[in-house]
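Scroll down for the structure; my scribbles are underneath it.
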Amino acid sequence: MKKVECIIKPFKLDDVKNAITEMGISGMTVSEVRGFGRQKGHTELYRGAEYQVDFLPKIKLDLVVTDEQVQAIVEAVQKEACTGRIGDGKIFVSDVEQSVRIRTGESGPDSL
Amino acid sequence: MKKVECIIKPFKLDDVKNAITEMGISGMTVSEVRGFGRQKGHTELYRGAEYQVDFLPKIKLDLVVTDEQVQAIVEAVQKEACTGRIGDGKIFVSDVEQSVRIRTGESGPDSL
Amino acid sequence: MKKVECIIKPFKLDDVKNAITEMGISGMTVSEVRGFGRQKGHTELYRGAEYQVDFLPKIKLDLVVTDEQVQAIVEAVQKEACTGRIGDGKIFVSDVEQSVRIRTGESGPDSL
Amino acid sequence: MLQRAKAAYLGLAVGDALGATTEFMTPNEIRAKYKIHRKIIGGGWLYLKPGQVTDDTQMSLAIGRALLSAKRWDLAGIADQFLVWMKSKPIDIGSTCRRGIRNYMLTGQLETPYNDGDAGNGAAMRMAPVALFSLGDEKVMERYALEQAHLTHNHPFSDAACLTVGKMVQRALLGANRFELHELTRDLVDHHGNFRFNKYSGNATAYVVDTLQTVFHYLFSTASFEECLIGVVNQGGDADTTGAIAGMIAGGFYGLDDIPNRWLKKLNREVRAEVEAQALHLVRLSPWAARN
Ligand SMILES: Nc1ncnc2c1ncn2[C@@H]1O[C@H](COP(=O)(O)OP(=O)(O)O)[C@@H](O)[C@H]1O
Ligand SMILES: Nc1ncnc2c1ncn2[C@@H]1O[C@H](COP(=O)(O)OP(=O)(O)O)[C@@H](O)[C@H]1O
Ligand SMILES: Nc1ncnc2c1ncn2[C@@H]1O[C@H](COP(=O)(O)OP(=O)(O)O)[C@@H](O)[C@H]1O
Ligand SMILES: [Mg+2]
Ligand SMILES: [Mg+2]
């Protein structure tokens, strides 16, 4: 099994979620994060001084999927989340050794 | 070392935390996330139209533990976090290659 | 490629971020988490009763870097985030099998 | 006969819509909230509108669409319809069904490998269109039942359940009496003793053994379609599916006139229309129709 971790622009969440649910993905876990990279934040006025907002809001989507699904998922997310402008985000794939569905105790790919 | 990542229902945090601290786990890192899966959110009225709340609040617990502790921890979390109703969550185990305690620079299982 | 996951005290974010950007790290993803460990929270008065605040605010920094950069990054973060007092945090290193830059579809170390 | 076929298929939809309200509840919780749940009111864990159906009816309709468009048994067509259905963002999909459909999407395989975890009721709940399409030829029904089941569920208990449910629906349509239907359950219990239901445990989970015990207990201890379904859905557990399976057998057995009109009227109009149309066309394509 693999974890596909996607950092995307917040307004892309619905498009990405719809694209992956159509591929039979049973679920995902989402968190609000802030990204720092080449994309610059805007400047803000605070107590009379202008300063750079460095960390931009992003959405992090974690999906654990079976090995066979990884490539299709990575391609679908990249296609859906891409605007072509700096700051679109990243997709990282890493190995998951065990998975358990808490409700039933099932484990392995059947628990996904 | 392994990372045991648990997505659980928020009201289960204390029970799960108590169960794992009783097993001698020294620390954990917790974040608020939102889950999407078979469990439905309630419907909400927005601008006169009813829509389904898709993403439900969950708690994500990350514990890095030694290889020998993994099975006992996975079983304890599953038992404690389980209500038997859809949406109880998942446990994912993945490999951690290095660990460092920032305060002392110690590394390896002793740093956990 | 490796993911270097750093749990640090919130006021250390700027120091750590500056240290790693000086090493040529192009980006990172940051989230607010809460930590539970040997560091005790303070007690708070709530409805007339004193209780222990167990989970303390921490910042989690995720940086995906090339294999060659890992040791230097780990040392820099540890040095910068360390205050010598309990609760300074942890650094965990794990393997990343694939990485994609969403904007361009580039993959591998070039996408970082 | 056409009326009985409609009654079986409508029984499935009515049981699904009625039971969905009490799915995953315990009998005590149902009693506390509804005293006796006997109206189609939607709600439930899926927040349904009154008369809305779930995967039990939708997957059955998918099978019907494949068979009616091919006018012959078409397993790949059924798999394709399941895939179209999965992509349509249905209100719910069971995890075993989802895995099977996903496996078909990724590999094109029309049979999922054997799995201990496949002893759920997700294949048995789809038996109505299969029974209607193969009415008049039990051997053919058996072949079709196992082929469609193995798209998602590959386990001897699920297989046995599909065959028994299919036979009961068909024989009910062909005029079997209560004792003849009971005999079919005794065959099942002979082969798999764990399906025995004469000391009913009250478990109504999605484990196919619990599901059929619940269905058979209420089917044989009540005397009307309404009484049977009310008994089943107030047992909670996987109530929409126990309701659907009880509904298809009881519907076929008691006939259309015995299905409460108030339930039929509450059923979603489009679902009701398609169920009725499929029932008629499926029977007209069956071996029974060819002979009559
Ligand atoms: N090395 C990295 N490790 C972890 N997250 C990163 C890394 N580099 C970038 N990111 C994340 O990806 C986002 C986009 O990166 P950025 O450099 O702004 O644009 P682009 O990916 O289009 O070149 C950042 O805001 C951050 O959340
Ligand atoms: N494939 C997945 N990857 C990551 N997180 C998931 C995945 N599937 C489910 N989850 C998480 O687990 C939670 C529970 O999943 P859900 O499908 O609602 O119920 P259950 O696990 O009881 O079948 C979701 O809200 C989500 O946070
Ligand atoms: N086993 C662990 N797994 C994940 N995070 C941990 C673990 N142990 C500690 N942490 C994180 O590190 C922080 C500091 O740990 P703590 O035990 O308080 O101090 P120290 O690391 O200085 O001994 C915790 O607040 C928590 O966020
Ligand atoms: Mg259902
Ligand atoms: Mg059900």
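Side-chain atoms are counted along with the backbone in the values below, which use heavy atoms only and exclude waters and symmetry mates. Letters go in sequence order (proteins before strands), and every chain restarts at 1.
Sorted by first and then second residue, the ring-ring contact (aromatic ring centres under 6.0 Å, His included) pairs involving residues 16-36 of chain A (not counting sequence neighbours) are A:Phe36-A:Phe55. Pairs engaging residues 5-28 of chain A under the ring-ring contact (aromatic ring centres under 6.0 Å, His included) rule: none recorded [sequence neighbours left out].
Within the 4.5 angstrom heavy-atom criterion, no atom of B:Val4 approaches chain A. When heavy atoms are compared at a cutoff of 4.5 Å, B:Ile86 approaches chain A by way of both its backbone and its side chain. The part of A:Leu13 that comes within reach of chain B is its side chain, from C-beta onward, which places non-hydrogen atoms under 4.5 angstrom from that chain.
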Assess whether side-chain contact (heavy atoms from CB on, under 4.5 Å) is satisfied between B:Val30 and B:Ile59, documenting all intermediate values. CA-CA 7 Å; B:Val30 163; B:Ile59 287 279; 3.8 Å; yes
Take A:Val96 and B:Val93 through the test side-chain contact (heavy atoms from CB on, under 4.5 Å) and record every step on the way to the result. CA-CA 6 Å; A:Val96 172; B:Val93 180; 6.0 Å; no
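With sequence neighbours left out, the ring-ring contact (aromatic ring centres under 6.0 Å, His included) criterion links B:Phe92 to no other residue.
Between B:Leu56 and B:Gly41, the shortest heavy-atom distance links the atoms CD2-CA, 3.7 Å. Listed here is the closest heavy atom pair of A:Cys6 and A:Val77: SG-CG1, 3.8 Å.
With respect to chain A, the highest number of heavy-atom pairs below 4.5 Å among B:Gly35, B:Gly87, B:Gly84 belongs to B:Gly84.
In this structure, CD1 on B:Ile20 lies 5.0 Å from CG on B:Leu61, to the nearest 0.5 angstrom.
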Chain A to chain B donor-acceptor contacts, backbone plus side chain, under 3.5 Å:
residue	atom	partner	partner atom	Å
A:Lys3	NZ	B:Glu5	OE1	2.9
A:Lys3	NZ	B:Glu5	OE2	3.2
A:Lys17	NZ	B:Asp54	OD2	2.7
A:Met28	N	B:Phe36	O	2.9
A:Met28	O	B:Phe36	N	2.9
A:Val30	N	B:Arg34	O	2.8
A:Val30	O	B:Arg34	N	2.8
A:Glu97	N	B:Val93	O	2.7
A:Glu97	OE1	B:Lys2	NZ	3.0
A:Glu97	OE2	B:Lys2	NZ	3.2
A:Gln98	N	B:Val93	O	3.3
A:Gln98	O	B:Val93	N	2.9
A:Val100	N	B:Ile91	O	2.8
A:Val100	O	B:Ile91	N	2.9
A:Ile102	N	B:Gly89	O	3.0
A:Ile102	O	B:Gln78	NE2	2.8
A:Ser111	O	B:Lys90	NZ	3.2

